[in-house]
K.L.:
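Below you'll find the structure I mean.
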Amino acid sequence: MKNELIIKNLRLVVADTYEEMSQYTADQIHNDIKKKSNLLICTATGSTPTEAYDMLAKKYDDEPEVFSGVRFIKLDEWGGIPMDDPATCEVYLQEHLISPLQIEASRFVSWNSIPEDPNQEVKRISNMFADEGDIDLCILGMGVNGHLGFNEPAEFLRPSAHVAELTETTKKHTMAQKAEHGIQYGLTLGMNDIMRSKKILLLVNGSHKEKPFKEFLAGKITTKFPTTMLWMHPNVTVVCDKEVVPNIDKINSQK
Ligand code: GLP
């Protein structure tokens with residue numbers, strides 16, 4: 001059973017299980033696409049959204065027409081490794097969304113993981129906002145160190161798409177562990193690109209995220225924990241499972 005509460009301007013949805021939170025997320029995305037056929041969706045990768053993406057892809061078989069105009073943009077990418085390296089966000093998204101939903105190249109804004117000039121690649125992705133407009137729905141995951149995309153904890157954050165220096169924690173991410181080539185840097189949308197999204201879904205699951213999520217819920221906005229910037233966004237829904245917030249009743253009484 002889901003537990004929903006509003007904390008300041010943020011909606012927190014706590015599902016009993018990972019499966020339930022994934023179903024909720026897939027339904028939300030599906031509803032938004034039905035409301036706006038050319039929805040621009042920014043997609044995080046990693047282990048958190050996988051089930052939600054797979055559940056969304058299953059809806060394609062019954063209603064392929066719903067997905068005929070939807071557009072995607074890849075939030076971030078591991079830099080310096082070939083596009084077909086098993087670690088890339090490209091391989092992940094092709095498998096879980098782009099190919100099952102039959103999204104052609106013109107509806108997928110995708111970082112090249114191995115650009116000749118990373119700075120030119122950043123410009124290319126930044127320029128796409130002029131053509132595509134702002135993100136309608138941004139699906140985010142929270143790194144264990146609080147990162148969003150590859151906006152890593154730091155003294156300052158960057159507003160636009162950029163080449164990111166990866167922290168040691170991020171280099172140990174499960175995706176990075178699958179790499180067959182040496183990851184050299186990260187490519188990511190910036191904080192302003194994310195914050196201009198009309199709606200944000202932040203997905204968090206698993207007991208390994210309990211501690212960082214507690215830090216997020218403390219509500220102190222800091223560049224040392226980029227996810228806390230979301231407290232400044234007017235339309236964020238955080239979807240998580242019980243393992244992340246075992247003390248949901250305590251939060252309820254503190255809000
Ligand atoms: C990775 C990805 C992000 C993802 C985050 C959380 O670095 N580049 O897009 O949101 O870290 O990953 P996970 O869901 O596996 O915890």
Side-chain angles (χ1 to χ4, degrees), residues 15 18-19 21-22 25-26 29 41-55 72-81 83 85-98 108-113 122 125 135 137-154 157-158 161-179 183-191 193-195 197 200-216 225-230 236-241 243-244:
Y18 173 65
E19 202 184 9
M21 72 174 261
S22 302
T25 305
I29 302 172
I41 308 179
C42 173
T43 45
T45 53
S47 55
T48 315
T50 311
E51 187 75 35
Y53 292 163
D54 290 346
M55 286 172 170
F72 288 96
I73 174 164
K74 185 168 35 162
L75 171 67
D76 53 3
E77 186 56 277
W78 304 97
I81 60 173
M83 282 290 248
D85 187 294
T88 59
C89 303
E90 182 70 21
V91 165
Y92 173 101
L93 286 174
Q94 288 291 347
E95 181 188 339
H96 296 285
L97 284 178
I98 304 304
F108 181 35
V109 178
S110 176
W111 290 100
N112 174 5
S113 59
V122 160
I125 294 292
I135 294 161
L137 176 63
C138 189
I139 317 286
L140 297 172
M142 180 184 83
V144 279
N145 65 355
H147 76 198
L148 278 185
F150 287 133
N151 293 277
E152 295 276 39
L157 299 174
R158 311 263 300 269
H162 58 276
V163 178
E165 194 182 320
L166 299 175
T167 60
E168 289 310 311
T169 311
T170 299
K171 286 181 197 161
K172 292 188 195 113
H173 188 273
T174 48
M175 288 178 91
Q177 282 171 19
K178 287 198 281 185
I183 292 169
Q184 292 164 31
Y185 51 86
L187 293 160
T188 186
L189 295 187
M191 288 309 300
D193 302 323
I194 293 172
M195 295 295 277
S197 306
I200 294 177
L201 283 184
L202 172 70
L203 313 181
V204 194
N205 81 294
S207 53
H208 63 298
K209 298 263 177 88
E210 182 188 344
K211 204 164 158 241
F213 193 62
K214 213 170 170 185
E215 206 174 325
F216 167 71
F225 198 105
T227 305
T228 60
M229 295 289 149
L230 298 184
V236 178
T237 299
V238 182
V239 190
C240 58
D241 68 359
E243 289 190 26
V244 170

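Just follow the structure's listing: the first ligand is 1, and inside any ligand the first atom is 1.
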K.L.:
Could you tell me the residue and atom name of the protein heavy atom closest to atom 4 (C) of ligand 1, and the distance to it rounded to 0.1 Å?
P.N.:
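In this structure, atom 4 (C) of ligand 1 has Thr45 O, 3.7 Å as its nearest protein heavy atom.
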K.L.:
Would you mind running through ligand 1 and noting each atom that sits below 4.0 Å from a heavy atom of Gly141?
P.N.:
10 (O)
K.L.:
Looking at ligand 1, does any of its N/O atoms fall within less than 3.5 Å of an N/O of Trp78?
P.N.:
no
K.L.:
Assess Met175 for proximity to ligand 1: is some non-hydrogen atom of it under 4.0 Å away?
P.N.:
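Distance cut 4.0 Å: Met175 fails for ligand 1.
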K.L.:
Do Cys42 and Leu189 make a side-chain contact, defined as non-hydrogen atoms from C-beta onward lying under 4.5 Å apart?
P.N.:
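Yes; the side chains approach each other to less than 4.5 Å.
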K.L.:
So, do Glu90 and Ile98 sit near enough that their side-chain heavy atoms are less than 4.5 Å apart?
P.N.:
no
K.L.:
For the residue pair Phe225 and Met142, establish whether any side-chain heavy-atom pair is separated by less than 4.5 Å.
P.N.:
yes
K.L.:
Would you compute the distance between atom NZ of Lys171 and atom CH2 of Trp78 and round it to the nearest 0.5 angstrom?
P.N.:
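Nearest 0.5 Å value for the NZ-CH2 distance: 10.5 Å.
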K.L.:
Please indicate whether any nitrogen or oxygen in His208 is less than 3.5 Å from any nitrogen or oxygen in ligand 1.
P.N.:
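So ligand 1 has no N or O lying under 3.5 Å from an N or O of His208.
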K.L.:
Can you figure out which of Val144, Thr48, Thr43 has its heavy atom closest to atom 14 (O) of ligand 1?
P.N.:
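Ranked by closest heavy atom to atom 14 (O) of ligand 1, first place is Thr48.
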K.L.:
Would you say ligand 1 has an N or O under 3.5 Å from any N or O of Asp76?
P.N.:
yes
K.L.:
Short list, please: which atoms of ligand 1 are under 4.0 Å from a heavy atom of Ala44?
P.N.:
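Heavy-atom distances to Ala44 below 4.0 Å select 9 (O), 10 (O).
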K.L.:
Distance under 4.0 Å to a non-hydrogen atom of Lys209: what atoms of ligand 1 satisfy this?
P.N.:
13 (P), 16 (O)
K.L.:
Could you identify the single nearest non-hydrogen protein atom to atom 12 (O) of ligand 1 and state the distance to 0.1 Å?
P.N.:
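So the nearest neighbour among protein heavy atoms is His173 NE2, 2.9 Å.
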K.L.:
Using a heavy-atom cut-off of under 4.0 Å, does the side chain or the backbone of His147 touch ligand 1, or both, or neither?
P.N.:
side chain
K.L.:
A side-chain contact here means heavy atoms from C-beta on lying under 4.5 Å apart; do Glu19 and Met55 qualify?
P.N.:
yes
K.L.:
Do Pro226 and Glu152 have side chains that approach each other closer than 4.5 Å (heavy atoms only, starting at C-beta)?
P.N.:
no
K.L.:
Between Leu187 and Ile125, is any pair of side-chain heavy atoms under 4.5 Å apart?
P.N.:
no
K.L.:
Measuring from Asp76:CG to Thr45:OG1, what's the distance to the nearest 0.5 Å?
P.N.:
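Between Asp76 CG and Thr45 OG1, I get 5.0 Å after rounding to 0.5 Å.
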